[in-house]
Amino acid sequence: RYRDVMFARRGLKLLQKVHKSPEEYLKDFPFRFKIALRWIDQDAMAHVNHSTYFSYFETLRCVYFNLVSKRTEHPLIKAADKGVGVILSSASCRYKAPLSFPDTITIGARLENYTDTSVDQVYGIVSHKLGRVVAEGSVNIVTIDYTTGKRTAIPADVREAFAQIEEGSWDIALEDYNPDDTQ
């Protein structure tokens, strides 16, 4: 029997099904990205350093927003001199088990809590070696007009691109990722 466990972190509700297989857990995330751990990801304690998890989230986020940018007229991750872009207003990670090299992880992402000017991206990381969830995190992403330096509404075409991605099922491996691909 599955039991829902809810916990709140900075106003975000992250949901994990207890006793769910990693494969079932990842189905809750429409966007999944596979990364092979590198030796350099580890620290002197022979496990992946806590700050490295944020770089995994960032890598997935950049791939996600590159995909959004290709569906819109907004270069969201390279927008500093071009108008509307995105920045983070907060980030969090809840560590559940240590990672160590060698291993491959799959990071799942989904969007939640839309407002006019922001959205939360929620993450789950599954270790292939351990066969379990090792971390859950989230970021609050704010759209900003770089010409004024102020928050701005998420453009309609960006919201539409979000919806297209969130309604799909995306499995991407880092070694296969081509940022110029227009999928």
Evaluation steps, side chain to side chain contact (heavy atoms under 4.5 Å, CB included), between K20 and D28: CA-CA 11 Å; K20 219 180 199 192; D28 291 337; 2.9 Å; yes
Is a side-chain donor or acceptor of S69 paired with a backbone partner of F65 at a separation under 3.5 angstrom? yes
Measure across F54 and A91 and return the closest heavy-atom pair with its distance rounded to 0.1 Å. CE2-CB, 3.8 Å
Run the numbers on S127 and D103 for side chain to side chain donor-acceptor pair (under 3.5 Å), then give the verdict. CA-CA 7 Å; S127 160; D103 197 353; 2.5 Å; yes
Measuring from atom CD1 of I105 to atom NE2 of H128, what distance do you get when rounded to the nearest 0.5 angstrom? 8.0 Å
NZ/NE/NH1/NH2 to OD/OE distance under 4.0 Å, R151 and D145: no
Can you name the nearest heavy-atom pair linking F29 to V122, along with the distance? CE2-O, 3.7 Å
Point-to-point distance, once rounded to the nearest 0.5 Å, from CG of N49 to CD of Q42: 10.5 Å
Measure from the ring center of F31 to the ring center of Y123 and say whether it is less than 6.0 Å. no
To the nearest 0.5 Å, what is the distance between CD1 on I107 and OH on Y53? 10.5 Å
Determine whether L67 and I165 make a side-chain contact, defined as any pair of heavy atoms from C-beta on separated by less than 4.5 Å. yes
Report the C-alpha distance between D120 and S138 in whole Å, list the side-chain angles of each, state the deciding distance to 0.1 Å, and finish with yes or no for side chain to side chain donor-acceptor pair (under 3.5 Å). CA-CA 7 Å; D120 295 329; S138 64; over 6 Å; no
List the steps and the verdict of side chain to side chain donor-acceptor pair (under 3.5 Å) for T117 and T143. CA-CA 6 Å; T117 61; T143 49; 5.5 Å; no
Check for a donor-acceptor pair, side chain of K129 on one end and backbone N or O of S100 on the other, with a separation under 3.5 Å. yes
Smallest heavy-atom separation, G108 atom then L26 atom, equals N-CD2, 4.1 Å
Interatomic distance, D41 atom CG to L99 atom CG [nearest 0.5 angstrom]: 9.0 Å
Going by the angle between their ring planes, with limits at 30° and 60°, are Y95 and H50 parallel, tilted or perpendicular? perpendicular
Quick one: are V134 and L130 in side-chain contact, heavy atoms under 4.5 Å? yes
Is E166 paired with R110 through a side-chain N to carboxylate O contact shorter than 4.0 Å? no
One pair to check against side chain to side chain donor-acceptor pair (under 3.5 Å): T115 and S118. What are the steps and the verdict? CA-CA 5 Å; T115 71; S118 69; 2.8 Å; yes
Validation row: L37, T104 side chains within 4.5 angstrom (heavy atoms): no
Should I87 and I141 count as side-chain neighbours, where that means a heavy-atom distance under 4.5 Å? no
Spacing of T52 atom OG1 and H47 atom NE2 [to the nearest 0.5 Å]: 9.5 Å
Rounded to the nearest 0.5 Å, what separation is found between the SG atom of C62 and the OH atom of Y64? 13.5 Å
Within a strict 4.5 Å, meaning less than it, do heavy atoms of the Q121 and F57 side chains meet? no
